[in-house]
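Notes for the one structure printed next.
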Amino acid sequence: MSVLEIKDLHVSVETDQGTTQILRGVNLTINEGEIHAIMGPNGSGKSTLAYTIAGHPKYHVESGTIQLDGEDVLAMTVDARARAGLFLAMQYPVEIPGVSVTNFLRTAKTAIDGTAPPIRTWIKDVRESMTRLRMDKSFAERNVNEGFSGGEKKRNEILQLELLKPKFAVLDETDSGLDVDALKIVSEGVNRAKENTGLGILLITHYTRILRYIKPDFVHVFVNGRIAEQGGPELADRLEDEGYDRYLAESNVN
């Protein structure tokens, strides 16, 4: 069984004002097939955790470890992390002019698996996934995310998730900017990917709306760069009612 382990992770970033510490000792273990939701106010470090796992060079790991099945993730390049089975769905997916969705997907799949997928079965898989995500087949020949709406970009992220079949997916506010219909379609794609591959999911969100469709096994409250509380799905319901004020007040006292 695959496992992603984060131990005592401290991360900083360079700003115009100097070095700013963002993560202050994060401990988190995600097993294969588990869904962990991280919730918290703006500026609490949720996205920093996501990008640190993925290997963004902006973030400096001061101490702590990230291990995937016992292997040191922090020693891996970004592409090595992808090949090892890590996937990041970005809050703001970038446009890639001049690269079609089809070419991007096949190139990524080949790089991750080490061999190119058989063209006939690959085309079938892409078309079926696009159909399930209600993506018009014309999107396959369009440049990656170029001219896509916010919802279309998010569907394209989940298309990648379904086809690349990672071990663990980090979803950074995948629900932001989605209307109800798009949220349901994206959530169905995430649930389908989990059901088909047994991947573990780290779902970062501000709101409980997406948790109605993607049911978490564990909920973690993130405040001031660390996990302030954790529990089951009922914790998300409590946050919906009470918000984060109590945690922010405790953080300021500490």
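Owing to the predicted nature of the structure, the values given are computational and were not obtained by experimental measurement.
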For L161 and A169, work out which heavy atoms get closest and say how close. CD1-CB, 3.7 Å

Work out which heavy atom in M76 is nearest to a heavy atom in A80; give both atom names and the distance. CB-CB, 3.9 Å

Ignoring hydrogens and geometry, is there a side-chain-to-backbone donor-acceptor pair from S187 to I214 under 3.5 Å? no

Relative to each other, are the rings of H56 and Y59 parallel, tilted or perpendicular (30° and 60° limits)? perpendicular

In R226, E229, Q230, the residue satisfying side chain to side chain donor-acceptor pair (under 3.5 Å) with H220 is Q230

Step by step, would you call H60 with S12 a side chain to side chain donor-acceptor pair (under 3.5 Å)? CA-CA 5 Å; H60 173 66; S12 63; 5.0 Å; no

Would a hydrophobic clustering, with Ile, Leu, Val, Met, Phe, Trp and Tyr connected at side-chain separations under 4.5 Å, put L159 with I119? no

Just by distance, do the side chain of E234 and the backbone of G232 share a donor-acceptor pair under 3.5 Å? yes

Under 3.5 Å: donor-acceptor pair, side chain of E173, backbone of H206: no

Interatomic distance, CG@L88 vs CZ@F168, rounded to 0.5 Å, equals 15.0 Å

Please determine whether a side-chain nitrogen of the Lys or Arg among E146 and R142 lies less than 4.0 Å from a carboxylate oxygen of the Asp or Glu. no

Quick check on the hydrophobic clustering: are L68 and V61 connected, directly or via other members, by side-chain heavy-atom contacts under 4.5 Å? yes

Find the distance between CD1 (I227) and OH (Y247) and round it off to the nearest 0.5 Å. 12.0 Å

How many angstroms lie between atom CD of Q160 and atom OG of S129, to the nearest 0.5 angstrom? 11.5 Å

Which heavy atom in R106 sits nearest to a heavy atom in A116, and how many Å separate them? NH2-CB, 3.8 Å

Between V73 and R81, is there a side-chain heavy-atom distance shorter than 4.5 Å? yes

Inter-residue atom distance E162.CD - K194.NZ, 0.5 Å rounding: 14.0 Å

Does the Y213 side chain pair with the main chain of K184, one donor and one acceptor, at a distance under 3.5 Å? no

Taking atom NZ of K46 and atom CG of L23, what is their separation to the nearest 0.5 Å? 11.5 Å

Would you say that more than 12 heavy atoms from the other residues, nucleotides or ligands in this model lie under 6.0 Å from the CZ of R134, or not? no

Can you give me the closest heavy-atom contact between D217 and E34, atom names plus distance? OD2-CA, 3.4 Å

Hey, does the side chain of K109 reach the backbone of L163 with a donor-acceptor pair shorter than 3.5 angstrom? yes

Expected output: side-chain D8 to main-chain G25 donor-acceptor under 3.5 Å: no

Heavy atoms of other groups near R238 CZ, more than 12 under 6.0 Å: yes

Can a donor-acceptor pair be found, under 3.5 Å and without considering hydrogens, that links the side chain of T208 to the backbone of L211? no

Is there a side-chain contact between L86 and V170 in this structure, where contact means two heavy atoms from C-beta onward sitting under 4.5 Å apart? no

So among V26, I6, D72, which one has a side chain to side chain contact (heavy atoms under 4.5 Å, CB included) with I66? I6

Can you tell me if N103 uses its side chain to pair, donor with acceptor, with the backbone of V99 under 3.5 Å? no

With side chains defined as the heavy atoms from C-beta onward, is the minimum distance between L178 and I185 less than 4.5 Å? no

Look at the side chain of R132 and the backbone N and O of R192, then say whether any donor-acceptor pair between them is shorter than 3.5 Å. no

Test your reading of the model: is there a side-chain donor-acceptor pair from R83 to the backbone of A111, 3.5 Å cut-off? no

What are the two closest non-hydrogen atoms of S100 and A140, and how far apart are they? CB-O, 4.0 Å

Just how far is it from atom CG of L171 to atom NE2 of H36, taken to the nearest 0.5 Å? 13.0 Å

Measure across A50 and I204 and return the closest heavy-atom pair with its distance rounded to 0.1 Å. CB-CD1, 3.7 Å

